[in-house]
Number of protein chains: 2
Amino acid sequence: MTVMQSTTAAPIEQQSPAPADICSAPPRRHPRPEGQDRYTISEVVAFTGLTAHTLRWYERIGLMSHIDRSHTGQRRYTNRDLDWLDFVTKLRLTGMPVADMVRYAELVREGETTYPERRELLEQTRRDVVSRIAELHDTLSVLDRKISFYETGGN
Amino acid sequence: MTVMQSTTAAPIEQQSPAPADICSAPPRRHPRPEGQDRYTISEVVAFTGLTAHTLRWYERIGLMSHIDRSHTGQRRYTNRDLDWLDFVTKLRLTGMPVADMVRYAELVREGETTYPERRELLEQTRRDVVSRIAELHDTLSVLDRKISFYETGGN
DNA sequence: CGCTTGCTTCGAGTGCACTCGAAGGTCATA
DNA sequence: TATGACCTTCGAGTGCACTCGAAGCAAGCG
């Protein structure tokens with residue numbers, strides 16, 4: 001195994017079949033260890049619950065900037081990368097399409113000049129999230145009404 | 001046009017291209033009129049924003065019980081049907097797969113004996129919705145942090 | 001030395017929820 | 001009589017986000 005310094009490698013733990021529900025969070029199997037800044041792909045798999053295939057795919061489509069490599073060409077993810085992955089995961093569960101996230105990633109890569117555009121994008125996303133939360137609250141109250149109906153044995 | 005009594009038929013208004021974002025609400029184009037209980041499919045299209053194709057499909061897969069027909073065999077949706085459609089729409093935006101909604105619809109058709117199972121299903125859904133709301137709040141705070149960063153011109 | 005982990009590229013497959021079109025039909029209204 | 005709204009069945013297509021497998025190769029560990 002090509003495992004980094006101190007980390008105990010994730011046990012085999014087969015890659016999840018992942019029913020691909022866009023709107024729910026990934027399993028997040030392991031906490032991220034402290035005091036480390038270079039993770040192998042299999043470690044990232046363990047942390048995020050994404051598959052190696054997906055991680056490479058993210059990089060390919062530009063959702064992640066080029067990941068650092070070891071001298072032998074293997075990916076070494078940094079904490080920064082993991083933070084980004086966390087962020088992406090959050091965006092993903094707002095229902096934002098991957099293409100939009102890629103757009104945002106591009107803006108980040110373009111540097112400080114894109115601050116206003118990035119802000120605009122995030123504010124739009126924020127509005128979406130707020131309205132989605134409202135919808136879900138709505139749904140919740142419908143559910144509660146139905147549930148209480150069933151609770152009373154259906155009056 | 002085969003339009004019901006008083007209702008002014010929905011103007012042509014082409015069927016939406018609908019980018020099919022599972023997790024967001026449909027447009028809901030028109031309010032439902034009062035004092036009516038038989039709607040043509042095109043009216044339901046106007047109320048719900050779903051296409052006629054989709055409405056027939058919902059019926060075919062058992063997501064809706066058989067819709068009442070006019071003497072010529074045309075669908076006449078009732079307010080009850082519209083309520084169900086509203087409910088389905090709400091469930092849909094929780095990310096619940098159609099198959100599960102069909103399951104629930106079947107339980108409803110099976111009658112009162114399925115009350116406990118229905119309740120169980122709704123409570124599970126409720127838990128899902130609650131956790132999704134929590135996730136979205138989480139996302140919101142991440143967004144807010146980023147936005148305020150951009151607001152200050154990125155300190 | 002072999003096993004494991006990783007790399008690359010390629011392209012095909014999956015699952016979901018629609019979405020569309022065509023063909024051929026019935027009615028009712030202008 | 002023509003048009004338009006609706007019906008049926010059928011099957012194919014779409015878009016998204018993965019998801020998988022295969023081929024062929026390079027490193028590192030025990």
Side-chain angles (χ1 to χ4, degrees), chain A residues 1-4 9-12 14-24 26 38-46 48-61 63 66-77 88-89 91-93 95-102, chain B residues 1-4 7 9-24 26 38-46 48-61 63 66-77 88-89 91-93 95-102:
Chain A
M1 249 193 158
T2 319
V3 168
M4 300 277 69
I12 302 93
Q14 67 271 29
Q15 315 217 129
S16 58
D21 179 354
I22 307 302
C23 300
S24 70
R38 284 172 83 73
Y39 306 91
T40 65
I41 200 165
S42 68
E43 287 172 314
V44 178
V45 165
T48 63
L50 300 167
T51 69
H53 263 304
T54 300
L55 287 168
R56 294 194 198 102
W57 179 65
Y58 276 3
E59 193 179 341
R60 210 161 59 233
I61 65 175
L63 184 49
H66 186 76
I67 303 299
D68 215 33
R69 305 297 162 125
S70 71
H71 68 105
T72 60
Q74 295 190 200
R75 284 171 184 80
R76 291 297 178 259
Y77 291 82
V88 159
T89 297
L91 287 186
R92 196 185 56 152
L93 66 83
M96 183 188 271
V98 166
D100 291 5
M101 297 192 233
V102 170
Chain B
M1 247 192 157
T2 318
V3 168
M4 299 277 68
T7 326
I12 302 93
E13 196 166 15
Q14 66 271 28
Q15 315 219 127
S16 58
D21 179 353
I22 305 303
C23 299
S24 70
R38 285 172 81 72
Y39 306 91
T40 66
I41 199 165
S42 68
E43 288 173 312
V44 178
V45 165
T48 62
L50 299 167
T51 70
H53 263 305
T54 301
L55 287 168
R56 296 194 197 102
W57 180 64
Y58 275 5
E59 194 180 339
R60 210 161 59 234
I61 63 174
L63 185 50
H66 186 77
I67 303 299
D68 215 34
R69 304 298 162 123
S70 72
H71 69 104
T72 61
Q74 293 189 202
R75 285 172 183 78
R76 292 297 177 259
Y77 291 83
V88 159
T89 296
L91 287 185
R92 197 187 54 153
L93 67 83
M96 183 188 273
V98 166
D100 291 4
M101 298 191 232
V102 170

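Proteins come first, then strands; the chains are lettered A, B, ... in the order of their sequence lines, and each starts at number 1.
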Would you kindly compare A:T72 and B:T72 by the position of their nearest DNA chain D nucleotide and give the one closer to the 5′ end?
B:T72

Can you tell me which nucleotide in D:dT8, D:dA5, D:dC18 comes closest to the side chain of B:S42?
D:dA5

Whole-Å distance, B:W57 CH2 to D:dG13 P, equals 18 Å

Which listed nucleotide (C:dC20, D:dA17, C:dG6) is nearest to the side chain of B:T51?
C:dC20

Let me check the geometry of the helix from C:dC1-D:dG30 to C:dA30-D:dT1. What is the bend angle between the axes at its two ends, five pairs each, to 10°?
0°

From CG of A:L55 over to P of D:dC20, roughly how many Å is that when rounded to an integer?
13 Å

So, OP1 or OP2 of C:dC18: does either fall under 4.0 Å of a side-chain N or O from B:R92?
yes

Measure the shortest side-chain to side-chain distance between A:T40 and A:R76 over non-hydrogen atoms and say whether it is less than 4.5 angstrom.
yes

For A:H53 and C:dC10, give me the distance from atom NE2 to atom C1', rounded to whole Å.
12 Å

Value for CD (B:E43) from CZ (B:R38), rounded to nearest 0.5 Å, stands at 11.5 Å

Residue B:T40, side-chain atoms from C-beta onward, closest of C:dT8, D:dC6, D:dC7
D:dC6

What pairs with B:R56 under salt bridge (charged side-chain N to carboxylate O under 4.0 Å, His left out), at least two apart in sequence or on another chain?
none

Gap between atoms CZ and P, on A:R75 and D:dA27 respectively (whole Å)
16 Å

Rounded to whole Å, CG of A:L50 lies from C1' of D:dC20 at a distance of 16 Å

Over how many whole Å does the gap from B:R76 atom CZ to C:dA28 atom P extend?
10 Å

From C:dT19, C:dA17, C:dC27, nucleotide with atom closest to B:P97 side chain:
C:dA17

Mind checking the CD1-CZ spacing from B:I41 to B:R75? Nearest 0.5 Å is all I need.
5.0 Å

Rounding to an integer number of Å, can you tell me how far A:E59 CD sits from C:dC7 P?
9 Å

Using atom NE2 of A:H66 as one end and atom P of C:dC7 as the other, report the distance to the nearest whole Å.
11 Å

Is B:R56 near enough to C:dC20 that one of its side-chain N or O atoms lies under 4.0 angstrom from OP1 or OP2?
no

I need the A:Q74 CD to A:D68 CG distance, nearest 0.5 Å.
12.5 Å

Residues two or more places apart in sequence or in another chain: which of them pass salt bridge (charged side-chain N to carboxylate O under 4.0 Å, His left out) with A:D100?
none

Are OP1 or OP2 of C:dC18 and a side-chain N or O of B:Y58 less than 4.0 angstrom apart?
yes

On a heavy-atom basis, which atom in A:V102 and which in A:I61 lie closest, and how many Å separate them?
CG1-O, 3.6 Å

B:V98 vs A:G73, nearer the 5' end of DNA chain C by closest nucleotide
A:G73

